[in-house]
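Atoms within a ligand are numbered from 1 in the order they appear, just like the ligands themselves. Given the structure is predicted, the values throughout are model-derived calculations rather than measurements.
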Amino acid sequence: MEISLERKFEDKIAEDLKIEPQDWMPDEYRKTLIRQISQHAHSEVVGMLPEANWLTRAPSLKRKIALLAKVQDEGGHGLYLYSAAETLGVSRDKMIEDLHSGKAKYSSIFNYPSLTWADMGAIGWLVDGAAIMNQVALCRTSYGPYARAMVRICKEESFHQRQGYQIMLTLSNGSSEQKEMAQDALNRWWWPALMMFGPKDSDSPHSEQSTRWRIKRLSNDELRQKFVDATVPQALFLGLTVPDKDLKWDEKTNTYQFGDINWDEFWTVVKGDGPCNKDRIQTRIKAYQDGEWVREAAMAYADKQQDRSSKMVG
Ligand code: BYC
């Protein structure tokens, strides 16, 4: 019995069909998805914090509206992704508990501070740019609810990336102080953005199985390279310098060769000792505690509606 279910699952993967919540799936496939999707959801929600920091200091009403819309979108992405993970049998409370206790990870990038307005440009351009590169590939991931969530998320991320690039363009064409601010933001966000794609393939413990199950469609290094190739010309167009002395165009491969990533820094941040890790988690815990009355009110309302409809049926 078990063998034929496993066979059916493997056949579906081989035929590039989607696995749906009611389908049989190996425990490890389910576990991997819960890990990845919940971490992705946490990244979206924690990812609201560096930009929320600048909402009250946006330089114009127009900039503020665009940034506010973007930050709200990230919250929405978190919600789609928590819902997708719930279809695998994990509760939202459990996922949030794991984030608050430090058991579940979220993207390393959100543990860096946003120091100037130019960081709003660099985050939209580079962080959302890197996120899209990864998420476009995930639109073809093998688990149906995750793939479908990604389609909508990617559309919104494209707006975010444009919003950020537009800020960088304005600053790069502005006063010398503004240009300097844009360059400084690029200097600080470039390497952390490259780290978003995860460890190099040879050091990535989950990649082999996740690729076999078609959860991952492109490897960490492939996505990183695609990001560098797409982004360096954008930096050149801005008249900014990518902070990598080893960066050079390779005629043979038609790609940019780039310098070594500081993996010690990456693992320090991933393990919880980056510049803002503790602050980010404390802020999330406080937001969760402050939202207790909202959850209670929403649940009381839902219970009342349920009561009313069961009385009507009775
Ligand atoms: N940061 O074997 P590997 C956004 C962990 S947010 C922290 O390669 P995998 C946005 C990894 O979890 C976009 N940890 O793992 C929001 C694993 O640890 P565990 C977020 C990282 O899963 C607001 C270990 O290292 N996007 O769009 O095969 C504003 C070994 O790694 C990181 C996603 O989450 C990292 N950077 O591949 C703006 C995309 N990298 O779990 C923008 C979905 C690795 O064994 N996720 N680790 O304890 C993925 O595609 C994959 O999970 C990864 C890692 C490519 C990130």
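- In this structure, H42 has its ring center under 6.0 Å from that of Y82.
- Using cut-offs of 30° and 60° on the angle between ring planes, the pair H77 and Y80 is tilted.
- Checking Q39, K216, H206, K70 against atom 37 (O) of ligand 1, the nearest heavy atom belongs to K216.
- Contact annotation: H77 has no heavy atom less than 4.0 Å from any atom of ligand 1.
- By the criterion of a heavy-atom distance under 4.0 Å, the side chain of N134, and not its backbone, is placed next to ligand 1.
- Residue E74 touches ligand 1 through its side chain alone, judged by heavy-atom distances below 4.0 Å.
- Look at K70 and D128 and you find a salt bridge, because one of the NZ, NE, NH1 or NH2 atoms lies within 4.0 Å of a carboxylate O, short of that distance.
- Considering backbone and side-chain atoms together, M196 places an N or O closer than 3.5 Å to an N or O of ligand 1.
- Considering backbone and side-chain atoms together, E51 places no N or O closer than 3.5 Å to any N or O of ligand 1.
- Any N or O atom pair closer than 3.5 Å counts here, and D128 shares no such pair with ligand 1.
- Using a 4.0 Å cut-off between heavy atoms, I109 makes no contact with ligand 1 at all.
- Proximity of Y106 to ligand 1, defined as any heavy-atom pair under 4.0 Å, is confined to the backbone N, CA, C and O atoms.
- In summary, E10 and R7 do not engage in a salt bridge, as defined by a charged side-chain N under 4.0 Å from a carboxylate O.
- At least one test fails for R212 against the ring of Y29: distance under 6.0 Å to the centre or angle within 45° of the axis.
- Remark: the D201 side chain and the S219 side chain contain an N/O donor-acceptor pair separated by less than 3.5 Å.
- Close approach of ligand 1 to F197 is summarised as follows: ligand atoms under 4.0 Å from at least one heavy atom of the residue are 55 (C).
- At a 4.0 Å cut-off, at least one heavy atom of S107 sits close enough to ligand 1 to count as contact.
- At a 4.0 Å cut-off, not a single heavy atom of M48 sits close enough to ligand 1 to count as contact.
- Looking at S207 next to ligand 1, no N or O pair under 3.5 Å apart turns up.
- Below 3.5 Å of separation, one finds no N or O of Y146 facing any N or O of ligand 1.
- Relative to atom 44 (C) of ligand 1, the option among P199, A193, S108, G274 with the closest non-hydrogen atom is P199.
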